[in-house]
Each structure stands twice: as structure tokens, then as C-alpha cells.
Number of protein chains: 2
Amino acid sequence: MPVGFSPEEMQRIDAVVEKRRRVRQGEALYNNGDDFTALYAIRSGFFKTCVTSNDGREQVTGFQMAGEVIGMDGIVNDNHNCSAVALEDAEVCVMPFTMIEEMSRDLPALQRHVHKIMSREIVRENGVMLLLGNMRAEERLAAFLLNLVQRLHARGLSQSELVLRMSRDEIGSYLGLKLETVSRSFSKFSEEGIIEVRQRYVKILAPDALKKIFNPQTYV
Amino acid sequence: MPVGFSPEEMQRIDAVVEKRRRVRQGEALYNNGDDFTALYAIRSGFFKTCVTSNDGREQVTGFQMAGEVIGMDGIVNDNHNCSAVALEDAEVCVMPFTMIEEMSRDLPALQRHVHKIMSREIVRENGVMLLLGNMRAEERLAAFLLNLVQRLHARGLSQSELVLRMSRDEIGSYLGLKLETVSRSFSKFSEEGIIEVRQRYVKILAPDALKKIFNPQTYV
DNA sequence: TCTCGTCTTTGATTCAGGTCAAAAGATTAT
DNA sequence: ATAATCTTTTGACCTGAATCAAAGACGAGA
């Protein structure tokens, strides 16, 4: 969240952010097609967002954790273009978008913050496109693990251990791979001593080896 | 561009939009890493945007034409995260971002417009992720052609004929395919009488057949 | 007009990842 | 505790797209 506001301004911001909503594991915060009314700041829990082609194929477009904001996909057409599903019990701040717009007219720092959040999402998706368009299975998984552990570390968690909140199938959907390929890649990393895997628990034993897989040239 | 402004407001908007820049074919409007200062509204010409992994693999993230706005990738980090290269001689409006922010504080309709543009880009990229993660070569090419021709048609051009501004290699990069695969898919469509291709000239003979390839289920 | 360089097509072959199948672990419900 | 269900792993095999290679086609410049 942005910084550098006066106490009075913070109070206004708090008012926007006061409404909470709990979402149980497996439930949708919003679904594709739902009316767009608000952005959501994740307070706790873990989400996936996904789009579905009209013949039913699902693509996970991202995994989001505490501190991240979701829902921007709804702004263009006043209804959501993807679904956001909780992968564990979660709580979000409901931030009505009209209030956000109103307030960011008065508070340039908030305005800039909103723009940055959306731009960050564009940049993130650029990165995923690069991954999906150019990388091989093991590179994708390495990139995924490194990204996840880095974000968790930024939240005070371990930079080497994590518990995946999503299934192999969901990881595969995000990475453009089948679940068997994800599983095989995990096993391969494990055999090579790069990681330790037990179901959804993952320990990164050799982060440099992962980085090397993710980006071979840098280390040659 | 947004509508519904008073003459006075239009004048202010015109002031933002008055600065022009010409970009010759093959030149970059901005490069990855460049300082971010402005968004660009394309007045004429055709661009590609692309990101590059640090080992040099390039991913085309989009093709942009007149009326579209590019540069939003630069907002988060105050420098551009991708490059925008003109595929034909082009002219853009340079819209300094500080001016956009300033004005959109006064003009809610402009503010909303800026938000929609960014949201539209997020949604577009969601669609590309679905394409890259789930579709086979011919589906990707069909989706690409249909999208392109639809956008051209919205600009008053034919809905069945088009001249590609980009090479097979660039199409391949965008679609996550090698250029040979793009070429083969073109040939296949051509053999099947779905399109007529002569180099970069493409005529869509059977749009429904293309739509069927793009989205099989709908027609079953 | 001819040549050079670039882009495109096509063919032959290879291979990464998909598909199908089955077993082994987890997790939940009874 | 046990059964039932879901998830994950692993194996065998297949296939769509990549790779390698060569020949055409086109456009720019001499």
C-alpha cells in the first residue's frame, strides 16, 4: 500500500478499505462475467485467477497472495473477464472502484499507486507470455518456483521452503504444461538434488542450479 | 479517444496530445530499459512490442495499430519493460504521463478512460496466455488472423483482405511457434481453401471455417 | 537488368511433451 | 479404522511442432 499520506488522508483511505470479505477455500471471489464493482486487496490467503475458452479449456493466469490486488480485469467492460478462486481460506478488502477513482483524484500518490498496480500486472503478464512462448518445461517450472519463493520471502517467509497452495494440474495450467509433465519435472529436479519434494512441500536445496535452468546463458 | 468533454476541456486535452513523433520502419519508439515519460497514441502505422529474456530470446507481446495506446509497461518502474518497434513508418502522439495524471484528476471521464485502456491491455494479455497455454498451432494462427482482420475492419478496412505488416518469424514469436510452423499452417489453410495467401497478402475466403478452427466446440 | 540479401516455403527427421494407463499416496467421509 | 475419492507419480508410447536443410520468391540497390 502507498505511503506518505497525512493522518486525515489515511482516514479516508481506511474508509475505502474497511469492508472485508471472507472467501473459503474453493470458493470464487468473483467469476468470469460477474459485474465489476471493486478491486480486492488480499489480506490473507491465496488465490488463482483463470480464464476459460468458450470450449471449456481453462488457463490459470496467475496466483496471488497477501498484499496483492486483483480484479483489474473487470474495469474495461464493467464485468469480470476471469475468475478468482481461493486456494485456501482467504480474506480480502473490498475496495469499491468508484471510491478508488474518486479518491485518487484528490490524492496524487494514490492515483500513481493505482496506475502502478495495473502497470505491474501488464509487466507480469508480459513475463508469462515470454515463459509460455519461449521456455521449455523445466525452465518454466524453475521460473515458477523462483518467483513463488521470492514473493513468499518478501513476506517474511523462508526463501528455501514453501508449501504449494495449488495442485500439479493448476501449476500445469499456469505454465502451459500437463500435470504429468509438471510432476516429471519435479521428480527430475529432485533426483538432481536441486529440490526436495514431498507432495506440496518443496525445499529448494540449490537455488543457483534453479536459476541456471531458468536462464542458462547467464551462467555459461 | 474519450468523448463527452466541453470545448474548454477538449482544448486542454489537445494540448497534451499536440506533440507528435515520427518513427521510421524498423526503428524503436522506445526500448526495453528506456526511461518512461509518456504514453503514445498511434496515429498511423503499425508497431510490435516485444520483451527479451536475458539470454536473448525474444517474445513479441503484441501488434498495435492506429488508435491504440502503448507504453503502459513503463509506469511501474519508471522505465520501459519492453520495446516498441515500428513495422511500417508511423506517427504517434506523445502524451507525457505526468500531464495525463494531472488532467485525469480534473476530468473523471479521462481518468476512467486511462483505467480502461490499462484494463483492456490486461484482458488482452489474458487472452494471449490462453492462446499460448492451451491452443495448437492452427488454432493460434486462426485466432491471430481473426483478431487482426476484426481490428482492421473496425478501422474501416476490409473484413476479408489484409496485408500483414509482420514477418512469419514475428507472427511465430507472438504465437509461440517457429516460423516454419506458421508457414506450414498458412499453406494448410490455403490448401483447404480457407484463405488465399501470397506472401504478406492474405484473403480470408471462409471466415466460418477459421472460427471453427479457433473454437471447435462452438460448432460441434 | 542483374545480384545480393532477406524472407518464405517445403521436405526429412528428431524430440519434448502429450496421451493413455496403472499404481501408489493422501485426504475425506463413513 | 476403513472405504472411497482425489492427487500424484511413473511407465510406455505417440504426435505435433521443432530442427535441420535446401530451394524458391521477392525486393532493394548497383
Side-chain angles (χ1 to χ4, degrees), chain A residues 24-26 48 57-60 85 87-89 131-145 162-192 195-203 213-214 216, chain B residues 24-26 48 57-60 85 87-89 131-145 162-192 194-203 213 216:
Chain A
R24 295 210 162 277
Q25 187 176 111
K48 68 168 176 180
R57 281 175 286 187
E58 186 177 289
Q59 173 72 32
V60 172
V85 175
L87 296 178
E88 60 180 4
D89 290 357
L131 178 141
L132 291 172
N134 277 294
M135 296 187 189
R136 30 196 61 264
E138 286 171 30
E139 293 179 77
R140 296 183 196 194
L141 187 61
F144 169 74
L145 287 174
L162 66 156
V163 175
L164 299 170
R165 248 73 236 208
M166 68 296 279
S167 69
R168 300 289 188 264
D169 195 30
E170 286 162 335
I171 296 172
S173 174
Y174 181 56
L175 299 179
L177 302 169
K178 294 293 158 185
L179 69 95
E180 293 94 328
T181 304
V182 174
S183 177
R184 275 183 240 274
S185 300
F186 268 122
S187 299
K188 177 113 184 293
F189 287 171
S190 182
E191 280 161 31
E192 290 169 341
I195 61 173
E196 187 189 322
V197 204
R198 253 193 2 267
Q199 294 291 121
R200 299 193 174 186
Y201 165 85
V202 177
K203 182 170 190 171
I213 290 165
F214 172 37
Chain B
R24 296 211 160 277
Q25 187 176 109
K48 68 169 176 180
R57 282 175 286 186
E58 187 176 287
Q59 173 72 32
V60 172
V85 175
L87 295 179
E88 61 180 5
D89 290 356
L131 178 141
L132 291 172
N134 278 297
M135 296 187 187
R136 29 196 61 263
E138 286 171 30
E139 294 180 76
R140 297 184 196 193
L141 188 61
F144 169 74
L145 288 173
L162 67 155
V163 175
L164 299 171
R165 248 72 238 209
M166 68 296 279
S167 69
R168 301 289 188 263
D169 195 29
E170 286 162 336
I171 297 171
S173 174
Y174 182 57
L175 299 178
L177 302 169
K178 293 296 158 184
L179 69 98
E180 295 94 328
T181 305
V182 174
S183 177
R184 274 182 241 274
S185 300
F186 268 122
S187 301
K188 178 114 185 292
F189 288 171
S190 182
E191 280 160 32
E192 289 168 343
I194 296 171
I195 62 173
E196 187 190 320
V197 204
R198 255 193 2 267
Q199 296 293 120
R200 298 195 174 186
Y201 165 85
V202 178
K203 182 170 192 171
I213 290 165

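Under the 3.5 Å distance criterion, the side-chain polar atoms of Ser187(B) are matched with a main-chain donor or acceptor of Ser183(B).
No engagement by Gly172(A) is indicated, since no non-hydrogen atom pair under 4.0 Å with the nucleic acid exists.
In the helix from dT1(C)-dA30(D) to dT30(C)-dA1(D), the end axes, each obtained as the rotation axis mapping the C1' atoms of four pairs onto the next four within a five-pair block, lie 50° apart to the nearest 10 degrees.
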Show every donor-acceptor pair shorter than 3.5 Å between a side-chain atom in residues 175-182 of chain A and any protein atom, with sequence neighbours excluded, or say none if there are none.
none

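Listed by chain and residue number, nothing satisfies the salt bridge (Lys or Arg N to Asp or Glu O under 4.0 Å) test with Arg168(A) (two or more places apart in sequence, or in another chain). Partners of Lys188(A) by side-chain contact (heavy atoms from CB on, under 4.5 Å), not counting sequence neighbours, listed by chain and number: Glu138(A), Glu192(A). Considering only residues two or more places apart in sequence or on other chains, Gln199(B) meets the side chain to side chain donor-acceptor pair (under 3.5 Å) condition with none of them. Not counting sequence neighbours, Arg184(A) has no partner by the side chain to side chain donor-acceptor pair (under 3.5 Å) test. Residues satisfying the ring-ring contact (aromatic ring centres under 6.0 Å, His included) test with Phe189(A), not counting sequence neighbours, are none. Among residues two or more places apart in sequence or in another chain, the side chain to side chain donor-acceptor pair (under 3.5 Å) test is passed with Asn134(B) by Gln59(A). For Arg198(A), there are no side chain to side chain donor-acceptor pair (under 3.5 Å) partners at least two apart in sequence or on another chain.
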N/O-N/O pairs, protein side and nucleotides 6-9 of chain C side, under 3.5 Å:
from, atom 1, to, atom 2, distance (Å)
dT8(C), OP1, Arg200(B), NE, 3.3
dT8(C), OP2, Arg168(B), N, 2.9
dT9(C), OP1, Arg168(B), NH2, 3.1
dT9(C), OP2, Arg168(B), NE, 2.7
dT9(C), OP2, Ser183(B), OG, 2.8
dT9(C), O5', Ser183(B), OG, 3.2

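Side-chain atoms of Leu145(A) and Phe214(A), non-hydrogen and from C-beta on, never get closer than 4.5 Å to each other. The shortest side-chain heavy-atom distance between Lys48(A) and Glu170(A) falls under the 4.5 Å cut-off.
Taking atom CZ of residue Arg136(A) and atom P of nucleotide dC15(C), one finds them 11 Å apart after rounding to whole Å. In this structure, CG of Leu175(A) is placed 12 Å from P of dG17(C), rounded to the nearest angstrom. A straight line from CG of Asn134(B) to P of dG17(C) spans 16 Å, rounded to a whole angstrom. Between the P atom of dG17(C) and the CD1 atom of Ile171(A) lies a distance of 16 Å, rounded to the nearest Å.
Where DNA chain D meets chain B (any atom under 4.0 Å from a heavy atom), the bounding nucleotides read 5' to 3' are dG16(D) to dC26(D).
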